[in-house]
Amino acid sequence: MIKIYSTLTRQLEEFKTIEPNVVKWYNCGPTVNGLMHLGHARSAIAFDTIRRYLEYRGYKVNYIMNFTDIEDRMIEVANQEKRSVLEVAEEYLSYFRRDMASLNLKPATVHPRAMLHMNPMIEFVQELEEKGYAYESNGDVYFDVRKFKEYGKLSNQKIENILQEGTEDAKNPNKKFPADFALWKAMKPGEPYWPSPWGKGRIGWHSECVLMSGLYLGELIDIHSGGQDLIFPHHENEIAQAEALRGKPFVNYWLHNGFINIDKEKMSKSLGNFVNIVELLEHYSADAVRLFILQTHYRSPIMFTDDVIDQAQVTSDRLFDVILLTKNYADEIMEKDESKLSELDKKLIEKTEKARNDFIEAMDEDFNTSNGFAVVFKFSNDVNDYLRKAENINSSAIKEADKLFDEFRSILGLYEDFNSYLSLDKVEKLIKLLIEIRGEYRKEKNWEMSDKIRDDLKEAGIALEDTPKRILWKLTE
RNA sequence: GCGGAGUUGGCAGAGUCGAUAUGCAGCGGUCUGCAAAACCGUGAACAGGAGUUCAAAUCUCCUACUCCGCUCCA
């Protein structure tokens with residue numbers, strides 16, 4: 001049984017989907033006005049892993065993650081760079097896709113974009129207005145939070161404590177009440193716009209996600225997720241719109257990931273202390289970054305220091321080694337005689353089963369990847385031990401271990417590409433070395449050994465050709 | 001001010017009433033022609049104070065400190 005902590009109830013709850021074996025999940029994605037940084041990566045990796053785990057547990061996960069491409073900051077950046085918002089969005093979007101791929105993040109089922117959904121959003125705001133939850137004011141449209149009695153329930157705040165006087169937004173004279181939030185923003189000079197019943201303007205950020213989640217997943221969804229900073233006001237405002245309009249619940253489980261801190265401060269765009277993913281990946285592998293993030297439970301804060309990510313790199317490399325060694329042996333064709341299982345074989349098989357169960361147990365408890373990794377590391381010790389101590393490596397035992405490593409890798413999103421590890425460059429060096437050694441044998445007229453090397457290589461798909469001047473080699477098959 | 005999370009060994013980080021978390025780094029050992037790797041063992045922690053309990057890192061209260069949200073932000 002999977003348990004999930006929901007921000008709304010502030011406790012662990014049994015995970016039950018609306019439809020059997022299907023998860024409807026909306027994750028609030030980034031605003032594409034800059035490069036992907038470690039904070040985005042934390043959120044994306046945490047939820048990517050949870051998604052992968054749910055898939056492992058047999059769910060079909062319909063995972064929607066938006067890209068916000070029209071927003072105050074988008075316009076700001078566009079003006080700074082003297083380009084259109086669309087151009088800015090296109091460029092950073094492509095960078096995001098690139099960085100997400102390099103972190104081995106699975107693409108969402110759909111990545112919707114606000115700009116492409118302007119008409120249904122306008123209709124959505126109109127409906128809110130018709131039902132009396134929204135009011136127009138000088139071309140803006142605001143949500144009247146006092147009309148929604150449960151406002152504040154997600155962030156656990158009383159309406160009178162929200163938005164104190166003196167904050168920028170509370171002073172907005174178009175609002176009836178300081179906490180009211182914009183559904184539609186009237187165009188200012190130089191801004192992009194869409195026509196609407198209230199004049200030229202654009203959609204407010206908080207409406208985008210409600211509308212798009214409804215469009216792609218339906219009115220009630222299983223999971224809605226994002227960073228902890230989105231609890232208020234963003235998700236609070238989503239609930240207000242969705243539930244006011246529809247008169248029924250919007251989301252069953254609210255998931256929020258913790259932040260990454262640098263020097264005891266949160267990493268954020270506004271503080272300018274963020275670490276870009278492109279730059280980080282120049283020094284550390286994507287696997288190390290994923291491991292660094294997943295070693296900590298997704299709701300806890302992470303302190304970023306060079307030391308800690310260095311440690312993660314070492315750990316990641318060690319883990320990779322044992323998985324690679326296992327794969328090397330699992331790929332070999334060995335006699336499969338299960339009646340000849342040694343004590344060590346049997347023990348390894350037992351440990352494999354136990355590790356799988358322990359891992360599932362850890363992950364079932366609100367996706368506790370810390371405990372999950374503890375299981376993975378213990379198991380990797382056992383396998384390392386087996387690989388060195390077993391008299392004969394039994395194919396059924398090592399293949400089970402390899403299979404479990406594959407499961408771990410696919411859930412945690414680690415070491416996806418073994419082929420790139422065995423690069424042609426390395427193969428080339430290896431072949432040249434063998435040719436050199438064979439040359440020594442030929443000098444000694446040790447034809448038995450030199451022929452063996454040539455024959456065995458040929459069988460492995462590497463053909464050697466002895467020509468007068470040099471030895472040519474090529475890969476066959 | 002209001003709301004929330006937290007303070008665990010050298011570092012990171014789980015655990016939440018009774019077991020050895022785990023990783024990195026130490027230290028010792030095993031293996032070993034050399035090198036490397038690996039495995040095993042080991043030391044070391046529960047912010048401070050009071051209370052509840054047979055038993056508390058784990059529950060309650062108090063104190064101190066940290067972080068987050070209340071403003072665009074993952």
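Throughout, a chain's letter reflects where its sequence line sits, starting with A, and its residues are numbered from 1.
- Nearest nucleotide to the side chain of A/Lys378, out of B/A14, B/A74, B/U22: B/U22.
- Under a cutoff of 6.0 Å and an axis angle of 45°, A/Arg299 and A/Tyr5 form a cation-pi pair.
- Across the C1' atoms, B/G48 and B/G29 are found 40 Å apart, a figure rounded to whole Å.
- Across all strands, A/Thr305 comes closer than 4.0 Å to no nucleic acid atom at all (heavy-atom distances).
- Between A/Tyr26 and A/Tyr216, the distance from one ring center to the other does not fall under 6.0 angstrom.
- Contacts of A/Gln228 with the nucleic acid, taken as non-hydrogen atoms under 4.0 Å apart, are absent.
- Annotation: of the two residues near RNA chain B, A/Ser370 and A/Arg42, the 5′-most nearest-nucleotide partner is A/Ser370.
- Classified by interplanar angle (parallel below 30°, tilted 30° to 60°, perpendicular above 60°), the ring pair A/Phe367/A/Tyr53 is perpendicular.
- Comparing atom distances between the A/Asn156 side chain and each of B/G15, B/G3, B/A12 picks out B/G3 as nearest.
- In the set B/G15, B/C67, B/C73, the nucleotide with an atom closest to the side chain of A/Asn368 is B/G15.
- In this structure, the nucleotide among B/A37, B/C67, B/A74 sitting nearest to the side chain of A/Pro30 is B/A74.
- Among the protein residues, A/Ile231 comes within range of no part of the nucleic acid, since none of its heavy atoms lies under 4.0 Å from any strand.
- The side chain of A/Thr315 lies closest to B/C24 when the candidates are B/C72, B/C24, B/G69.
- Between the side chain of A/Gln311 and the base of B/G23, at least one donor-acceptor pair of N or O atoms lies under 3.5 Å.
- Taking atom C1' on both B/G43 and B/G28, the two are 10 Å apart, rounded to the nearest angstrom.
- In the set B/A38, B/C11, B/A74, B/A38 carries the atom at the smallest distance from any side-chain atom of A/Asn384.
- With both ends at atom P, the span from B/C59 to B/G41 equals 31 Å, rounded to whole Å.
- The separation of B/A12 from B/A37, taken at their C1' atoms, amounts to 24 Å, rounded to a whole angstrom.
- None of A/Asn237, A/Val125, A/Val210 except one satisfies the side chain to side chain contact (heavy atoms under 4.5 Å, CB included) rule with A/Leu183; the exception is A/Val125.
- Residue A/Asp310 is out of contact with every strand shown, counting any heavy-atom pair closer than 4.0 Å.
- Contact annotation for A/His37: base contact, defined as any heavy-atom pair under 4.0 Å involving a base atom.
- Between A/Phe379 and A/Phe408, the ring-plane angle classifies as perpendicular under the 30° and 60° cut-offs.
- Aromatic rings from A/Phe373 and A/Phe377 are positioned such that their centres are separated by under 6.0 Å.
- Going from atom CZ of A/Arg42 over to atom CG of A/Leu294 covers 9.0 Å, rounded to the nearest 0.5 Å.
- Of the candidates B/U22, B/C70, B/C73, B/C70 carries the atom nearest the A/Phe232 side chain, counting heavy atoms from C-beta on.
- Residue A/Gly39 is classed as a base contact, given a heavy-atom separation below 4.0 Å to a base.
- Nearest to the side chain of A/Asn381, among B/A74, B/C40, B/A14, sits B/C40.
- Annotation: B/C62 and B/U52 have their C1' atoms spaced 15 Å apart (nearest Å).
- Nucleic acid contact for A/Asn371: base, since at least one base atom lies under 4.0 Å from a heavy atom of the residue.
- Using a 4.0 Å heavy-atom cutoff across all strands shown, A/Gly258 reaches at least one base atom of the nucleic acid.
- For A/Arg10 and A/Glu365, each mapped to the nucleotide of RNA chain B holding its nearest heavy atom, the one lying further toward the 5' end belongs to A/Arg10.
- Atom C1' of B/G4 sits at a distance of 28 Å from the matching atom of B/G9, rounded to the whole Å.
- Between B/A74, B/A21, B/A38, one nucleotide has an atom nearer to the side chain of A/Arg318 than all others, and that is B/A38.
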Using the salt bridge (charged side-chain N to carboxylate O under 4.0 Å, His left out) rule, take A/Arg113 and A/Glu208 through it: C-alpha gap first, then chi angles, then the decisive distance, then the call. CA-CA 9 Å; A/Arg113 293 169 55 181; A/Glu208 164 187 344; over 6 Å; no
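- Contacts of A/Glu76 with the nucleic acid, taken as non-hydrogen atoms under 4.0 Å apart, are absent.
- Remark: nothing in residues 94-101 of chain A comes within less than 4.0 Å of RNA chain B through any heavy atom.
- Comparing B/C72, B/A74, B/A14 by their closest approach to the side chain of A/Ser300 singles out B/A14.
- Using a 4.0 Å heavy-atom criterion, one finds that A/Phe377 contacts the sugar-phosphate atoms exclusively.
- Atom NZ of A/Lys106 has more than 12 heavy atoms from other residues, nucleotides or ligands within 6.0 Å.
- Counted within 6.0 Å of CD on A/Glu391, heavy atoms from surrounding residues, nucleotides or ligands total 12 or fewer; the atom is thus considered open.
- Taking A/His206 as the reference, A/Phe181, A/His234 meet the ring pair (Phe, Tyr, Trp, His ring centres under 6.0 Å) condition, with sequence neighbours excluded.
- Within the 4.0 angstrom heavy-atom criterion, no nucleotide atom of any strand lies near A/Leu387.
- Heavy atoms from other residues, nucleotides or ligands lying under 6.0 Å from NZ of A/Lys153 number more than 12.
- Secondary-structure annotation of RNA chain B gives the stems B:1-7 with B:64-70, B:10-12 with B:22-24, B:26-30 with B:38-42, B:47-51 with B:59-63, with a stem taken as at least 3 successive Watson-Crick or G-U pairs whose two distances both fall under 3.5 Å.
- Backbone-only engagement by A/Lys389 is indicated by non-hydrogen atom pairs under 4.0 Å involving sugar-phosphate atoms exclusively.
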